Amino acid sequence: MSEDHHSDELYVRQRKLDELREKGVQPYGEKYEVTHRAMDIIDDFEKLVGKSVKVSGRILSRRGHGKASFANIQDMSGKIQLYIRQDSVGEGNYNIYKSLDVGDIIGVTGEVFKTKTGEITINISSFKLLSKSLRPLPEKWHGLKDIELRYRQRYVDLIVNPAVREVFIARSKVIQAIREYLNRKGFLEVETPVMHGIAGGANARPFITHHNALNINLYLRIATELHLKRLVVGGMEKVYELGRIFRNEGISTNHNPEFTTVEIYQANTDYEDMMRLTEELVASVAEEVFGTLKMSYGGKELDLSLPWPRRDLLDLVREITGVDFTSIPDDEGARQVALEKGLELKGGESRGEIIFTFFEKFCEDRLWGPIFVKKYPVEVSPLAKRCSDDPRFTCRFETFLAGKEIANAFTELIDPLDQRARFEAQMRKRAAGDEEAHMMDEDFLTALEYGMPPTGGLGIGIDRLIMILTDSPSIRDVILFPTMRPRE
RNA sequence: GGGCCAUUAGCUCAGGCGGCAGAGCACCUGACUUUUAAUCAGGGUGUCCCAGGUUCGAGUCCUGGAUGGCUCACCA
């Protein structure tokens with residue numbers, strides 16, 4: 001509406017940039033040889049007081065006092081205060097300093113001292129503009145709160161919300177600690193294809209992409225499982241892969257279309273060993289990164305101290321719902337009791353599927369954990385070995401922390417004939433319209449036919465684990481750039 | 001996909017019953033050489049998410065849409 005731009009910040013900053021160039025100041029400079037980070041100066045003040053340091057960072061706040069000024073700059077380590085006097089830097093430079101804005105990145109050189117109010121400060125003798133910021137930062141008290149903007153413009157979120165940076169530093173440390181733990185135990189980290197001809201290893205709908213030269217459609221992987229097990233067949237007895245997988249499903253506070261898992265396979269172990277591995281891995285990572293096993297999530301305590309309880313799924317269903325499926329041996333009886341409990345059935349559900357539904361609907365949200373739930377029905381566990389005492393159940397467990405499923409593991413099914421029968425059952429579900437049922441994978445069956453050693457396998461959802469360890473309510477808070485619908 | 005809620009200045013937010021678009025911070029002009037939410041004097045910078053409708057008059061009421069959040073469904 002108005003041609004008067006005098007306080008339009010974008011316009012004002014663009015004009016300042018032009019004026020700097022006219023004065024011979026390069027607004028986008030070259031690297032500044034820093035000697036310290038902001039936090040080093042705070043931490044080592046006694047050693048550094050009176051000494052000259054070089055620091056660079058982004059101006060976060062300015063307090064002008066005529067011919068002297070204070071400012072705070074921020075680098076990766078934190079914030080430090082600057083003190084700039086006209087008689088220290090010269091009138092010309094001081095005028096340039098005065099034209100700088102919150103958001104600009106500068107390099108400074110000066111002596112470390114403490115102000116009369118006790119704040120550790122750098123008394124600037126010279127400074128250099130390294131990068132001119134053309135956009136105003138969010139306001140200093142309230143920061144950036146708009147959740148949509150925080151996710152879409154994570155760079156701004158990271159600049160103004162220090163807690164966000166802390167979460168992602170913690171995420172990096174957790175992942176590093178997981179790698180170190182597994183490497184120390186003799187596991188080999190491997191990388192398997194992200195683009196699959198057959199998307200297997202989980203119940204999920206895949207993303208589809210196209211390879212032009214081969215003129216074929218490929219799927220983005222929904223799990224790393226089947227390739228890792230091929231490697232165990234190949235003699236790689238202890239392997240893991242930490243990486244991104246993709247599932248073409250809904251988005252929620254616990255689901256992002258792309259997310260990170262670690263899958264771990266170890267020959268000559270079973271799911272009991274995987275329980276021990278899970279609890280030890282999580283507890284040692286928590287201890288190492290956060291220095292404690294007494295966590296808190298959403299205001300509720302979560303004690304990761306070992307050992308974690310192990311409970312049979314069927315026992316939990318009986319305790320929580322009062323239904324004892326050991327006395328309901330057939331599909332028809334199971335369907336009856338499901339209807340009595342008000343569950344909606346599509347028809348044709350097996351006893352095992354109904355037991356699993358009972359667990360999901362009535363039990364899962366009551367498990368705060370940590371807890372291992374074991375022995376899942378064979379119908380919902382097509383890659384897990386059957387229990388020797390009851391072939392309708394499998395040597396499979398899931399781990400719950402703070403009410404969230406964070407791990408899924410089993411004694412792997414290594415019998416190629418049983419595996420083929422399981423795939424065939426999945427194919428029948430797929431033919432009946434279940435788009436999440438597993439696909440037949442002949443090459444995987446071929447691998448099993450060569451002989452796979454008895455093996456325990458474990459998958460951990462890294463994002464959810466980090467949510468819990470950092471007390472983050474949404475998975476988007478632990479993913480730097482969560483999936484969003486594009487703007488415009 | 002369903003339900004509920006939100007969307008107003010760069011940011012954080014007010015705007016009763018439909019009657020000239022508001023505050024703080026930021027920004028602009030000026031003063032100020034140890035401040036720290038610096039202070040003091042002045043200045044409001046806007047596609048009220050979008051498109052229709054009702055009305056003399058819509059930020060406000062109605063309809064449709066967009067984006068986001070929570071939640072249910074689905075999944076991990």
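Every chain is numbered from 1, with letters handed out A, B, ... down the list of sequences. Predicted model, so just to flag it, every value in this text is computed and none were measured. Worth knowing before you read on, the calculation uses all heavy atoms, side chains too, and leaves out hydrogens, waters and symmetry mates.
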* Consider only side-chain N and O atoms of A:Ser99 and A:Lys16, and report whether a donor and an acceptor are under 3.5 Å apart. => no
* Give a yes/no on whether any side-chain N or O of A:Lys145 is located under 4.0 angstrom from OP1 or OP2 of B:C11. => no
* Asked: Taking C-beta and beyond as the side chain, do A:Lys374 and A:Leu313 meet within less than 4.5 Å on heavy atoms?
  -> no
* Asked: Which residue, A:Glu405 or A:Lys114, contacts RNA chain B at a nucleotide closer to its 5' end, judged by nearest heavy atom?
  -> A:Lys114
* A:Phe70 over B:A38, stacked by centroid distance under 5.5 Å, angle under 30° -> no
* Report yes if a side-chain nitrogen or oxygen of A:Lys116 is closer than 4.0 Å to either non-bridging phosphate oxygen (OP1 or OP2) of B:U35; otherwise report no. => yes
* Structure fact -> Pairing partner of B:C4, by Watson-Crick or G-U wobble and under 3.5 Å for both distances, is B:G69
* If you take atom types as modelled and just measure distance, does the side chain of A:Gln81 reach the base of B:U35 with a donor-acceptor pair under 3.5 Å? -> yes
* Considering only the P atoms, how many Å lie between B:A21 and B:G46, rounded to the nearest integer? -> 14 Å
* For B:C61, what is the paired nucleotide under Watson-Crick or G-U wobble rules, both distances under 3.5 Å? -> B:G53
* Closest to the A:Glu9 side chain, choosing from B:C27, B:A38, B:U12 -> B:C27
* Closer than 4.0 Å, any side-chain N/O of A:Arg63 to the OP1 or OP2 of B:U39? -> no
* **Donor-acceptor pair under 3.5 Å, A:Arg85 side chain vs B:U33 base** => yes
* Phosphate OP1/OP2 of B:C28: any A:Lys98 side-chain N/O under 4.0 Å -> no
* Asked: So does A:Arg485 get a side-chain nitrogen or oxygen closer than 4.0 Å to the phosphate oxygens (OP1/OP2) of B:U67?
  -> yes
* Structure fact -> pair_partner(B:C48), Watson-Crick or wobble, both distances < 3.5 Å, evaluates to none
* To do: Write down the partner of B:A41 under the Watson-Crick or G-U wobble criteria, each distance required to be under 3.5 Å.
  => B:U29
* To do: Look at the aromatic rings of A:Tyr83 and A:Phe113 and report parallel, tilted or perpendicular, splitting at 30° and 60°.
  => tilted
* Structure fact -> Side-chain atoms of A:Asn203 come closest, of B:C11, B:C25, B:A76, to B:A76
* Structure fact -> Result for 5'-nearest mapping on RNA chain B, choosing between A:Asp146 and A:Thr115, is A:Asp146
* Contact class for A:Phe113 (heavy atom, under 4.0 Å): base, sugar-phosphate, or nothing? -> base
* Side chain of A:Leu144 - closest among B:A76, B:G69, B:C11 -> B:C11
* **Syn/anti label of B:G65 as read from its glycosidic torsion, with the cut at 90° from 0** => anti
* To do: Give the intermediate values and the outcome of side chain to side chain contact (heavy atoms under 4.5 Å, CB included) for residues A:Phe259 and A:Arg464.
  => CA-CA 9 Å; A:Phe259 62 107; A:Arg464 286 189 185 170; over 6 Å; no
* N or O in side chain of A:Lys67 less than 4.0 angstrom from B:U35 OP1/OP2 -> no
* Asked: NA contact type, A:Arg62, heavy-atom cut-off 4.0 Å: base, sugar-phosphate, or nothing?
  -> nothing
* Asked: Which part of the nucleic acid, if any, lies within reach of A:Leu149 when heavy atoms closer than 4.0 Å are counted: base, sugar-phosphate only, or nothing?
  -> sugar-phosphate
* Asked: Does the side chain of A:Thr357 come under 3.5 Å of the side chain of A:Glu360 through a donor N or O and an acceptor N or O?
  -> no
* Structure fact -> In whole angstroms, the gap separating P of B:A38 from OH of A:Tyr83 amounts to 16 Å
* Asked: Do you know which of A:Tyr376, A:Phe372, A:Trp308, A:Phe410 makes ring pair (Phe, Tyr, Trp, His ring centres under 6.0 Å) with A:Phe397?
  -> A:Phe372
* Is the phosphate of B:U71, meaning OP1 or OP2, less than 4.0 Å from a side-chain N or O of A:Thr253? -> yes
* To do: Measure from the side chain of A:Tyr151, starting at C-beta and using heavy atoms only, and say which of B:G10, B:A76, B:G69 lies closest.
  => B:G69
* **Contact under 4.0 Å: A:Arg205 side-chain N or O vs B:C74 OP1/OP2** => no
